[in-house]
Structure formats: C-alpha cells, structure tokens
Amino acid sequence: MAPSATTHHAPDGKKNGDLHRDYNDDRNAASQDTLYTTSNGAPMPHPYETQRVGENGPLLLQDFHLIDLLSHFDRERIPERVVHAKGGGAHGYYQTTNALDDVCVADLFQPGKKCPITVRFSTVGGESGSHDCARDPRGFSVKFRTDEGNWDMVANNTPVFFLRDPAKFPHFIHTQKRDPSTHLTHADDSTMFWDYLSQNPESIHQVMILMGDRGIPDGWRKMHGYAGHTLKLVNKNGDWMYGQMHMKTKQGTGFITQEDSANYSPDYAQKDLYNAIEKGDYPGWDVFWQLMTPKQAEELWENQRINVFDLTHVWPHDQFPLRKVGEFFLNENVQNYFSEIEQVAFNPAHLVPGIEPSADPVLQSRLFSYPDAHRHRVGVNYQQLPVNAPRVPYRMANFQRDGNMAFLNQGSRPPYLSSIDPIAFRNRTVDLDKTHGHFAGNAITFLSEIRPEDFTAPRALWEKVFDADAKDRFINNISGHMKNCHKEEILKRQIGIFREVSEDLASRLEKATGVKGYPGIAELRFNGTHNGMAKDKSLRMANGMTSPARVDDSITPNNGAPRAGTHKGGAEKA
C-alpha cells in the first residue's frame, strides 16, 4: 500500500522538516531551560551513571550514553591553526561615516551603511596555549557581514611582513616553531629563527618592528591593524585604483617591555578585551584607506623604488594620505569560544563586488591557502557554521552539496543549471575583463632580490621614529634574543644586514652581543634571495643557482613591481 500523500504537522503547525535545533535558541538558552539527554535526544537521569554486570562487574557495551560520551570526548578538538593558533575575539558592528562610493561600489562603503562584524586577534607563531605577551606579530582579522556577502579583512598589527615571495611562507613559519630535534621554541634556542632571517634580508623591516616596542602590544585593544597587501577598489563606472586599508585604534597604542612581559597573565590580552566589553568600555577602531592610481603605482616604482606589490614595502603617508571611511566597535563578547572564535574562518578570498585582489604574489597565494586550511581544519562546509554564514537579504543558492556536516543542503532543488526549475541570477556588478585583463607574458620562474631600497624604510624607522629610549630597548631585545643562537656565523650575517640599515645600529649590537658582524652584505651570498647588492656577480644568485642568461645590473629588473606602461585603464586620479 502506497504511503499517504498527506503532510503531517506537529502541534505547533510546523512540518516535520522544520523541526530542528535552532542555533540562536541553543546559544541563548539558560541552563534552567534545558534537559540532559544523549546526543540523539533521549533523556538521561544522571550524567555520571553507567551500566555494568552487577555492582562489581564489567561495563556493558550496550551503554550508549557512556560510549557516546567517551567517543565524543575523544574527538573534541579540531586541529589548531598552523599559524595564529592562540587568539580571541568578539562581535560588534561597522558603520560607514565618510562614504567611499566615489571610489568603491562595495555595499558597505555606501553612505550610512552598517553591518555586523566578528573580529579575531591572535599571535602568529605560538601554539594555542602560548603566552599572549610573546614577542610576535599579532593577527587582526575582521569578518564584515555585508548585504552582498562576507568580506574578510585578514590583517596584522604590522604594515609589512617578513617575506614577499609566497613559496617562502611555509619554510619561514617552520623556523618560528619548535626545533624538530630539541623540541624547543626560539625562546630557548633561537638558531633557526636567526638563521632564516640572516639568509632572507628582505625581512629586515618586519624584524625592526618586531624587536621594537610594537613587538609586544599592550593587549589587543591598543594596537592598529593593517591590510599590508594592496587591493583594487572599483567604482560604479568600472574605474579602479589601488588601496591599502588601515584600522587605527581609538584607545591609543601601548606596549609592554620585554622585561615586564613575564609579569602578565598568559591570557592577558583575552582577559583585557573580555573585561572591557563586559564593563561597557567598548573598544573601537577607525577605518582608513590609502588610495593610488595605477599610473601613480608605476611612477612610485620608477621614481622611488617602492613596489605596491611588495609586502615588505609601505606607501608614504605624505604622498598617499589616509582617507577616513568608517569605524567599528566591539560590543558583544562571545557566548561560546569554540563555536564563535575557534571555528570562525577568515579568508582573504572572501571578497564582495567592488573589492578585488591585486597582483601581490603573497596575497595571490593566500587566496588559495586560507580556504584550503579551513576545509582541512573545520570541514568542507565550514561556511555553513553560524559564525561563518553570510547574512544576506536573499536566499543563497549554488550547486555545492554534500560533504561532511552539510547542514544546509539546498533541499530538492536541481543540483545543476536546470532549464526546468531554474535559479535566479543578478548581473555582474564589476566588469572583470576591465579590471583584471591586463597581464600578458611568458611563464617565468621568479625569486626576488635584495636591493638598496629595501633598507630605506627600516632606516627611517631607526633614525626618525625610534627615540633614544626606544633604540636602547630595541638593542636590548635583540641582543637578549640572540644569546640563544648557537652559531656565531648567523649573528655575523645578521649584524651585516643591520649595518645596511645603520652603522650606529650595527655597532651598538656588536657591543651588546660581543660579535663582530660583517661590514655589510656586498660580500655575502644568501640562500633565500638573490643579492642585488653583491659586488661579485658570482655571489648574486641565491643558494648557488645557475646564473641566468643575463646578469647585468639586476637579476630581476623591476623586482616584481608594476613597470611603466603595464597598466591599462584604471582611475586617472585618486
């Protein structure tokens, strides 16, 4: 007999398919409103009782409650993040105060727009139980839940990073982790740490920042955030320009000295943020953009040797001033750390119409690497988790189905582009042919080279930004860390790199460490980068590589920068 076609309803009128656990209801329910059950919903009188054969006999395999309890407990942890493992965050809101609609068509930058956000702060190299006051860059990621999808700004508290060649990233991170033999971190054995840096001198700008006062910020509330990467902003006419986003703390910056850091709680930054929000002292940041036309980007390289695609370079603020766009505040602590922070997944490829990636090679590699890590760590359907799910005013549809933990699986709708039961489409907001169709050339192998301009910004940091006390702290921080490096040759090389920044800096470091460094890098070969400053051409190629057909003044003439005439289109003026 065929089953009845009658649809059965629950007493409250819901269909059977509507009877499911609701995330927000579960998140906000009080303990007194809940009932203890097994995972399949069967009530249990006590969480500690077990079934056994008599009072003194063995346990019974049929005791589902116990087996369910133990097997879930064994699987409670998901893999921690390979980088940025230790962190915390909160929820809040962003609002546009000064519209950017002349530059960018993105919905959230239009006049009066507001959207909910989730922010996660973190250290970079440490493990999930490491100290909040470790000397390390800080991650600063913001998930903007706009009306046109989620936009993730995956930033740091420093405007630059240690590298500009994307294939270096896994290798660099390995040197910041535990030694594979001793299992010690660089707090006790800094040999790997300095070995890498001494062979990859483009890291010098980030090293200057890391070993300076900003290396240990006074909690997360008192630090800035920087995109670091160059993005493209597209306006309603299809014109585009380059941009870098800055997030400036409203609380004022602060730092903790190396000597004082041990006096702070291992969870100091987490505690500081949580308690401030609980007291109603909501931390806030102003959002700014630096803007640059494609022509200006070409001229910046031709005239000043500043590369907008280089993660170790910064844009001069006097030439490209900060333009205030909006602000955001954190006004809600999370209810459940695992659900709302450990499982939150930020991805620089999560872009919205009007915001596009540039040709920055490290950014390009991150567009793949971040979502790949989330699919491994959290699962292929990680964006279905409530903390990651977009909050858009339309029902989302695509043809991605199934996989682990597929909660929203798109019902009975056709799993392909159907002509019988079609889904709706919206016209493209941005003309990608106009925005991205400018690249033509042969496939090449590319590794950047160290050049004199790579020391310009670090030199300005030492000579114009650090005051006398900051310089003393800097030398103390570095020399103290170098005491755990067990190869003098590494220190001689690193001091030689510092000498290209400043003779004063190098001399003071030699006095503090008792190690006489090299006179510079002109006589050095590096295993990680080509040396464009080497006097002997035989030293120019990294790691003893075979010399290319042409070795004149430079192995890589533009070092990956936008040369004059390589752009077509784009905005004429910022």
Side-chain angles (χ1 to χ4, degrees), residues 7-10 12-29 34 37-41 72 75-76 78-79 81 89 91 93 107-108 115-120 141-152 154 332 334-353 367-368 370-426 428-429:
T7 301
H8 295 281
H9 294 270
D12 60 3
K14 290 185 176 181
K15 297 179 181 178
N16 184 58
D18 294 332
L19 298 177
H20 60 83
R21 299 178 68 180
D22 179 81
Y23 172 77
N24 284 318
D25 178 72
D26 176 75
R27 178 179 184 268
N28 298 314
T34 64
T37 72
T38 58
S39 61
N40 62 311
H72 188 280
R75 295 165 174 80
E76 277 184 2
I78 61 176
R81 293 167 171 87
H91 306 302
Y93 66 92
D107 176 76
L108 82 161
C115 73
I117 63 171
T118 295
V119 175
R120 183 178 185 268
S141 296
V142 186
K143 186 177 291 293
F144 296 88
R145 298 182 178 89
T146 84
D147 286 344
E148 292 189 313
N150 288 349
W151 174 47
D152 292 347
V154 191
E332 180 188 353
V334 304
Q335 297 291 331
N336 186 278
Y337 181 90
F338 182 84
S339 295
E340 300 167 56
I341 296 297
E342 188 63 21
Q343 290 193 130
V344 69
F346 299 92
N347 175 7
H350 288 166
L351 301 168
V352 292
L367 300 179
F368 162 77
Y370 276 67
D372 185 59
H374 301 326
R375 294 180 190 109
H376 155 71
R377 196 178 72 89
V378 184
V380 69
N381 290 305
Y382 71 94
Q383 293 193 81
Q384 292 190 22
L385 293 172
V387 73
N388 295 320
R391 302 178 190 176
V392 292
Y394 40 81
R395 288 192 176 94
M396 295 166 50
N398 53 43
F399 305 118
Q400 297 178 7
R401 302 195 179 215
D402 306 343
N404 289 339
M405 307 300 287
F407 179 63
L408 301 172
N409 213 36
Q410 308 192 47
S412 62
R413 299 187 292 278
Y416 67 101
L417 185 58
S418 169
S419 62
I420 303 170
D421 187 13
I423 62 176
F425 294 88
R426 190 181 76 176
R428 192 188 304 279
T429 304

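One-based numbering along the sequence shown.
- The heavy-atom pair separating A29 from T34 by the smallest distance is CB-CG2, 4.3 Å.
- Residues Y93 and P116 fail the side-chain proximity criterion, which asks for heavy atoms closer than 4.5 Å.
- Within the 4.5 Å cutoff, side-chain heavy atoms of Y370 are placed close to those of P348.
- More than 12 non-hydrogen atoms from other residues, nucleotides or ligands lie less than 6.0 angstrom from CD of Q335.
- Between the side chains of Q383 and N150, no donor-acceptor pair is found at a separation under 3.5 Å.
- The environment of N404 atom CG is sparse: at most 12 non-hydrogen atoms of other residues, nucleotides or ligands sit within 6.0 angstrom.
- Side-chain contact between N347 and F368 is absent, with no heavy atoms from C-beta onward closer than 4.5 Å.
- The backbone N or O of R413 sits nowhere less than 3.5 Å from a side-chain atom of D421 that would complete a donor-acceptor pair.
- Annotation: side chain of W151 is in contact with side chain of L108 (closest heavy-atom distance under 4.5 Å).
- A donor-acceptor contact shorter than 3.5 Å links the side chain of D22 to the backbone of N24.
- Checking side-chain atoms of H374 against main-chain N and O of F346 turns up a donor-acceptor pair under 3.5 Å.
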request  = Carefully, step by step, assess E148 and R426 under the rule side-chain contact (heavy atoms from CB on, under 4.5 Å).
outcome  = CA-CA 12 Å; E148 292 189 313; R426 190 181 76 176; 3.0 Å; yes

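- Checking side-chain atoms of N336 against main-chain N and O of S339 turns up a donor-acceptor pair under 3.5 Å.
- A 4.5 Å side-chain heavy-atom check between K143 and I117 finds every atom pair outside the cut-off.
- Between I423 atom CD1 and Y416 atom OH the span is 12.0 Å, to the nearest 0.5 Å.
- The closest side-chain heavy-atom distance from I78 to F338 is below 4.5 Å.
- Nearest approach of V352 to G149, heavy atoms of both residues: CG1-O, 3.5 Å.
- The closest side-chain donor-acceptor pair between R145 and T118 falls under 3.5 angstrom.
- Atoms CG and CZ, on L417 and F399 in that order, are 5.5 Å from each other to the nearest 0.5 Å.
- With hydrogens and angles disregarded, a donor-acceptor distance shorter than 3.5 Å links the side chain of Q410 to the backbone of N398.
- Minimum heavy-atom separation, M396 to P390: SD-CG, 3.8 Å.
- At a threshold of 4.5 Å between non-hydrogen side-chain atoms, the residues D152 and V142 do not count as touching.
- Under the 30°/60° scheme for interplanar angles, the aromatic rings of Y382 and H350 are found to lie parallel.
- Summarising the geometry, atom CG belonging to N388 is positioned 11.0 Å from atom CD belonging to E340; distances are rounded to the nearest 0.5 Å.
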request  = Assess whether side-chain contact (heavy atoms from CB on, under 4.5 Å) is satisfied between D147 and V392, documenting all intermediate values.
outcome  = CA-CA 5 Å; D147 286 344; V392 292; 6.0 Å; no

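- Within the structure, the salt bridge (charged side-chain N to carboxylate O under 4.0 Å, His left out) test picks out the following pairs touching residues 376-403 (sequence neighbours left out): E342-R377.
- Using a cutoff of 4.0 Å between basic side-chain nitrogens and carboxylate oxygens, R27 and E332 are scored as salt-bridged.
- To the nearest 0.5 Å, atom CG of residue L367 and atom CG of residue D372 are 12.5 Å apart.
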